[in-house]
Amino acid sequence: MKKLINSPRRVVPDLLAAMVAQDPSLCLLEGENVLLRADIPEDPADRAVALISGGGSGHEPAHGGYVGKGMLSAAVAGNVFTSPSVDAILSAILASAGPAGALLIVKNYTGDRLNFSLAAELAAAEGIPCEVVFVADDAALRDLVSRDRRRGLAGTVLVHKAAGAAAEAGLSLSEVAAVARGVADDLVTMGVGLGACIVPTAGQPSFELGDEEVEYGLGIHGEKGVERGPMADAATVTRRILDTLEAEMGAALKGSLGLMVNGLGATPPMELGIVAGEALAQLKQRGADVQLIWTGNFMTALEMPGASITLLPLDAERRKWLEAPTGVRVWPSSATVGMAGRSVQLPRPAETIPEIAPGPLTPVLKAAVERVAAALIAAEPHLTDLDSKAGDGDLGASMFRAAEAIRALPEAAYNHPAQLFVTMAATLRRAIAGSSGPFYATALMRAARPLEKEEVPSAEAWDAAFEAGVAAVSAIGGAQPGDRTMVDALDPALKAWGEQRAANASLQEALAAAAKAAKSGADATARMTPKLGRASYLGARAVGTNDGGAEAVAYWLAALAKA
């Protein structure tokens with residue numbers, strides 16, 4: 001188990017203390033794991049309706065993250081995935097509520113139901129009227145248990161938001177409870193897990209899941225799901241979840257909806273965003289009108305990879321509560337849905353290819369480009385592996401995109417070598433990400449200049465082109481031989497070319513020698529300590545692995561030499 005904690009048994013108090021230290025609108029209830037709004041009036045008679053929620057920890061930002069103006073008055077934190085005690089809940093009620101009463105929003109788990117309900121009874125005996133709203137939005141259990149026995153999931157935070165806004169507006173306890181129950185009754189949620197989480201006191205994963213498996217319909221406590229299925233793309237996983245949600249909602253799905261895409265703790269924003277995009281598109285196809293959307297980590301399960309999707313029917317009043325301003329820092333400032341496919345058209349420089357008739361080198365150039373493309377596509381796994389060990393792992397994919405792009409060049413690009421190089425430069429600067437795109441684009445543009453003056457470039461023109469291209473890479477990147485970059489393959493290749501040409505060798509013989517030297521140069525980078533690029537951040541740890549950029553040069557030069 002690797003976790004940035006001090007002690008498995010101190011995670012909750014340490015977390016709550018840190019939250020208070022970072023937010024002046026919060027305070028801790030002395031002697032209890034309870035977060036409170038700092039602006040609660042000291043005199044209970046001056047207090048508005050209090051909203052209290054909580055449960056086991058490990059779901060951050062829920063529940064303490066939602067304490068603040070316009071949402072919760074207090075959050076009661078139990079140990080990880082464990083319901084808080086009755087006394088802690090009662091203390092939260094007494095510290096935040098008065099004669100106006102308290103609304104307790106409770107996820108529908110046995111321990112939470114019992115402890116919050118008993119605390120409400122005890123508070124009522126002390127003169128604080130209480131209402132309890134249970135959230136049971138887990139649609140995955142629709143064929144297993146009745147609605148009132150299902151689990152509470154991420155939809156709970158939408159109950160916090162709507163009821164919190166209603167309480168902030170001054171509504172009575174019964175009115176706030178009605179808002180909360182309405183939202184809770186209409187919510188539907190389903191989750192998918194891509195792996196397990198580790199409870200700090202357990203020290204091991206809560207279940208085992210294969211590399212190609214996912215769990216559908218799981219809760220938020222590290223438990224298994226309703227069914228196990230094969231790993232699939234975001235569109236397929238989203239469709240599987242929406243099928244269940246639509247079966248539960250029926251005709252209500254084909255109206256105005258709020259959509260929440262919730263991360264379970266370890267899913268990056270990139271993936272949550274893709275799922276959200278899929279959900280928006282697929283819901284539109286199903287006849288839904290999504291008006292509000294929330295995407296992010298709202299109700300997590302420690303570091304579990306996965307996500308859940310929540311749907312909530314909207315009307316004008318409910319939307320008003322959900323969009324009301326709040327002082328809670330983690331709540332999104334806006335949930336309005338954007339326009340799908342919206343883009344801005346900007347003028348682009350014309351990149352037309354001059355009308356030149358096919359030249360004598362056209363078939364030779366086309367064959368060379370195809371060999372290079374095929375070599376880079378075949379090399380993708382190897383280049384990815386090299387770049388993953390000493391870089392950011394994107395080189396293989398970049399070279400693959402480059403290969404696809406040059407395969408799609410227009411026929412007119414092959415009418416002259418200079419025209420081919422200029423067209424490839426424009427293509428590659430768009431197709432290749434990172435630093436490789438500018439390097440190759442600049443090298444090709446400068447290499448084109450010595451070739452453009454002759455219909456069939458002479459050997460001397462090709463000498464000058466090769467030299468200009470290599471010089472361009474060093475000039476714009478600043479790399480020198482020995483820095484462990486692509487220059488360490490290009491420089492020996494250029495020298496080998498020059499030696500062969502000085503000995504009156506043919507261009508093809510010079511190219512073969514250059515390819516062999518490039519491979520030797522690429523292999524030599526494994527013994528070099530990097531001085532430039534991302535590999536330089538690793539220092540000596542990068543030694544022992546060929547530089548990916550140099551290896552890519554060796555691949556395409558070898559492909560050219562095969563003619």
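All of these numbers come straight from a predicted model, not from anything done at the bench. When a residue number appears, it is its place in the shown sequence, counting from 1.
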Assess the side chains of [X] and [Y]: does a donor N or O sit below 3.5 Å from an acceptor N or O?
X: Asn115; Y: Ser83; value: yes
X: Asp148; Y: Ser146; value: yes
X: Thr244; Y: Arg240; value: yes
X: Arg113; Y: Thr110; value: no
X: Thr189; Y: Thr310; value: yes
X: Thr236; Y: Asp233; value: yes

NZ or CZ of Arg228 within 45° of Tyr216 ring axis and under 6.0 Å = no
For residues [X] and [Y], determine if any side-chain heavy atom of one lies less than 4.5 Å from a side-chain heavy atom of the other.
X: Ser57; Y: Thr82; value: no
X: Val133; Y: Leu103; value: yes
X: Thr300; Y: Ile220; value: no
X: Val226; Y: Leu141; value: yes
X: Val188; Y: Asp137; value: no
X: Leu257; Y: Leu314; value: no
X: Leu29; Y: Ser91; value: yes
X: Glu126; Y: Leu122; value: no

Do [X] side-chain atoms and [Y] backbone N/O form a donor-acceptor pair below 3.5 Å?
X: Thr156; Y: Leu153; value: yes
X: Asn262; Y: Met299; value: yes
X: Asp387; Y: Asp394; value: yes
X: Glu303; Y: Ile198; value: yes
X: Ser206; Y: Gly222; value: yes

Is any side-chain N of the basic residue among [X] and [Y] closer than 4.0 Å to the acidic one's carboxylate O?
X: Asp23; Y: Arg329; value: yes
X: Asp186; Y: Arg318; value: yes
X: Arg10; Y: Asp14; value: yes
X: Arg150; Y: Asp138; value: no
X: Arg239; Y: Glu246; value: no
X: Lys389; Y: Asp385; value: yes
X: Glu42; Y: Arg47; value: no
X: Glu168; Y: Arg37; value: yes

Q | Interatomic spacing from CG in Asp46 to CD1 in Ile40 - rounded to 0.5 Å | A |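 Answer rounded to 0.5 Å: 12.5 Å.
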**Prompt:** CG/Leu144 to CZ/Arg142 distance, rounded to the nearest 0.5 angstrom?
**Reply:**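 The distance works out to 10.5 Å.
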Determine whether more than 12 heavy atoms belonging to other residues, nucleotides or ligands lie under 6.0 Å from atom [atom1] of [X].
X: Glu227; atom1: CD; result: yes
X: Arg9; atom1: CZ; result: no
X: Asp315; atom1: CG; result: yes
X: Lys3; atom1: NZ; result: yes
X: Arg541; atom1: CZ; result: no

### Query
Taking the inter-plane angle between the rings of Trp331 and Tyr66 on a 0 to 90° scale, is it parallel (under 30°), tilted (30 to 60°) or perpendicular (over 60°)?
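Taking Tyr66 first and then Trp331, their aromatic rings stand perpendicular (interplane angle over 60°).
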Note: Ser436 and Leu395 closest approach over all heavy atoms is OG-CD1, 3.8 Å
> Does the gap between the ring centers of His59 and Phe81 come in under 6.0 Å?
Replying inline: yes
Side chain to side chain contact (heavy atoms under 4.5 Å, CB included) with Ile105: of Val132, Val135, Val157, only one passes, and it is Val135
